[in-house]
Amino acid sequence: MSESEIRLRLLQLDPDSFTKEKAHQKRELPDLEVLSEKVVMRLAPSPSGPLHIGHSRMAILNDEYVKRYGGELILRIEDTNPRNIDPIAYSQIPEDLRWLNVNVTSIIIQSDRMDIYYREAEKLLSNGHAYICSCSPELFRKLKLSSQACPHRDTSVDRNLESFENILKDRNFARDKTLVIKTDLKHPNPSVRDWIAFRFVDYPHPRTGSRYWFYPTMNFSVAIDDHLLGLTHVMRGKDHLNNTEKQRYIYRYNKWKEPKYYHFGLVSIPDTILHASEMRDGIRSGRFSGWDDVRLGTLMAMKKRGYLPETFRRYWVESGLRESDAEFSWEIFDSINRELIDRSALRFSFVKDPLPITFNVPYNVESESPYHPEVPSLGFRRYSFYGRTKIYLSKEDFLDISLRESVRLKDFCNLRIEGHSFIMEKENKPRKGIKIINWVPENARDYEVQFPDGNIVKGKIEPLAEGYDGVSQFERFGYVRMYKNASVGYFLHK
RNA sequence: GCUCCGAUGGUGUAGUCCGGCCAAGCAUUUCGGCCUUUCGAGCCGACGACCCGGGUUCAAAUCCCGGUCGGAGCACCA
């Protein structure tokens with residue numbers, strides 16, 4: 001029995017057995033090593049701006065696991081560097097996560113927790129695991145690179161505690177001070193040797209103003225919070241590999257139980273603007289219209305273009321947790337989105353760079369195109385013609401038809417070219433093999449499509465598209481997110 | 001340079017831990033064909049990969065050694 005025979009046979013037995021879910025044989029993430037009943041995981045973005053595609057990965061991966069095992073997903077906003085904060089992030093990040101259907105169970109903001117960090121720092125000082133240093137950055141780095149102790153490394157516990165107290169009391173005293181975690185001066189990786197846990201920052205914080213001036217570095221606050229919040233699993237990019245090693249010292253000194261760490265490979269996202277600083281500068285200078293400018297890689301922009309949150313989820317789940325680096329594939333991402341969006345995308349005719357043509361329609365003809373070829377219940381776009389008729393074709397099609405004997409205006413009629421004029425053919429059926437092109441009627445309205453690369457395509461769209469709000473498929477053009485009563489739409493993908 | 005990761009078709013991945021069922025699966029892209037009044041969807045088919053060299057073994061994508069290539073980190077950023 002051949003395969004097709006088998007298939008046929010099965011189909012007779014169980015018609016549902018093949019209907020299916022084409023591909024998505026559910027690619028699943030591997031199981032975690034579950035240390036306890038419930039998991040506690042976290043998302044730890046820095047509030048330098050709204051979330052972008054890159055962030056969506058860690059958000060979704062963590063979310064997937066919390067959904068699988070049950071537990072908590074903490075959003076921890078890491079704002080311990082006042083110089084690198086855009087206040088919009090405090091409200092936009094939770095908003096972006098909601099849109100992604102990431103189920104955050106609690107929100108923590110590190111700038112609320114300064115006293116906790118100070119308390120933990122004091123503990124480490126008391127135990128001799130840290131010291132206050134006043135070396136210049138240059139000197140400190142130099143000593144470190146040559147595995148030498150800085151002169152402050154052996155300061156007594158009491159003196160360290162006293163300095164620390166003064167640092168917190170006296171802004172000026174703090175100015176040249178850092179708090180350093182003792183590790184191993186012989187550690188093969190210089191960055192892991194005695195690392196800086198607090199530094200002086202003389203810059204107003206959007207939330208706490210000038211109340212603090214001695215801020216923990218990421219490695220310190222992360223280690224403290226990961227423990228205090230009870231994290232069971234930490235999942236992040238492998239650019240944090242070294243940080244994990246540094247943070248482990250804090251765990252070790254406090255005899256805390258470590259979470260399970262996972263580091264996935266880096267994904268480079270081509271043709272996309274993702275750096276907060278570049279986006280912010282561009283917005284400020286007027287080059288971009290805002291954080292949701294479709295040229296940017298923010299979730300806000302992608303939402304505006306018509307991407308679905310489900311697309312992100314499927315894409316990242318499919319990518320998995322591999323440690324090897326990879327390149328983000330817009331091709332695959334778009335194909336997932338296309339599949340999800342197609343059913344609900346109404347079809348419209350749009351002609352780019354429109355050129356008018358006129359011809360005579362000798363008897364009444366009504367063109368009739370489905371709003372969606374697979375959902376006939378949505379009805380048809382109908383236009384009637386009789387007599388002298390003017391329509392628009394795209395410049396591209398217009399040039400192309402001069403090479404042909406005749407063309408088919410989609411769902412309307414066949415046109416024959418004779419000399420410089422167009423004649424509607426008597427026989428109004430699509431001939432096999434005939435080139436089918438799009439057109440819009442004379443009263444089509446002007447419409448622009450903005451592409452993510454910044455290009456703007458001008459054209460005309462059929463009148464029945466008026467008022468549509470959602471993703472449309474412009475026939476033979478691509479998917480476009482239209483907004484009600486707007487004369488500009490955003491190109492989604494082919 | 002030092003430290004740490006990684007390496008499966010154009011792209012994204014499965015398989016690698018516990019060697020044989022892998023002459024390597026899936027998706028996407030590309031190219032054919034069918035269907036269709038869209039260059040969309042659907043269906044059928046084709047092209048296309050285990051980084052290199054040694055070793056262990058009856059047997060290696062899978063284990064070991066060496067090399068090559070790629071990435072990350074080496075900040076008082078996160």
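Here the structure is a predicted model, which is why all the values come from computation and not from measurement. Note on naming: letters A, B, ... go to the chains in the order of the sequence lines (proteins, then strands), and numbering restarts at 1 for each one.
The gap from the P atom of G12(B) to that of C2(B) amounts to 29 Å, rounded to the nearest Å. Annotation: C69(B) and G33(B) have their C1' atoms spaced 41 Å apart (nearest Å). As rounded to the nearest Å, G70(B) and U8(B) have C1' atoms that lie 15 Å from one another.
Of the residues in residues 218-225 of chain A, those with a non-hydrogen atom less than 4.0 angstrom from any atom of RNA chain B are Met218(A). Within a heavy-atom distance below 4.0 Å of RNA chain B, the residues of residues 363-373 of chain A found are Pro373(A).
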Which side-chain N or O atoms in residues 130-138 of chain A pair as donor and acceptor under 3.5 Å with protein atoms at least two apart or in another chain?
unit_1, atom_1, unit_2, atom_2, d
Tyr131(A), OH, Asp194(A), OD2, 2.6
Ser134(A), OG, His152(A), NE2, 3.0
Ser136(A), OG, Glu138(A), OE1, 3.3
Ser136(A), OG, Leu139(A), N, 3.1

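With sequence neighbours excluded, the residues that form a salt bridge (charged side-chain N to carboxylate O under 4.0 Å, His left out) with Arg381(A) are Glu462(A), Glu475(A).
Counting any heavy atom pair closer than 4.0 Å across all strands shown, Asp411(A) reaches a base atom. Base contact: Pro137(A) has a heavy atom under 4.0 Å from a base atom. Residue-level contact check: Ser472(A) touches neither bases nor backbone, having no heavy atom under 4.0 Å from any strand. Residue contacts for Phe477(A): at a heavy-atom cut-off of 4.0 Å it reaches no nucleic acid atom on any strand shown. Arg83(A) comes within 4.0 angstrom of no nucleic acid atom, judged by non-hydrogen atoms across all strands. Counting any heavy atom pair closer than 4.0 Å across all strands shown, Ile332(A) reaches a base atom. When heavy atoms are screened at a 4.0 angstrom cut-off, Glu327(A) is found touching the sugar-phosphate backbone but no base atom.
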| remark: Pairing string of RNA chain B (Watson-Crick or G-U wobble, both atom distances under 3.5 Å; | = paired to other strand) is (((((((..((((......[....)))).(((((.......)))))....(((((..]....))))))))))))....
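Relative to the side chain of Arg141(A), the nucleotides G40(B), U11(B), A75(B) differ in distance, and A75(B) lies closest.
Residue pairs meeting the salt bridge (charged side-chain N to carboxylate O under 4.0 Å, His left out) criterion with at least one partner in residues 175-185 of chain A, sequence neighbours excluded, are Arg175(A)-Asp202(A).
At least one cation-pi condition fails for Arg305(A) and Phe491(A): the charged atom is not both under 6.0 angstrom from the six-membered ring centre and inside a 45 degree cone around its axis. The cationic atom of Arg248(A) (NZ for Lys, CZ for Arg) does not lie both less than 6.0 Å from the six-membered ring centre of Tyr251(A) and within 45° of the ring axis.
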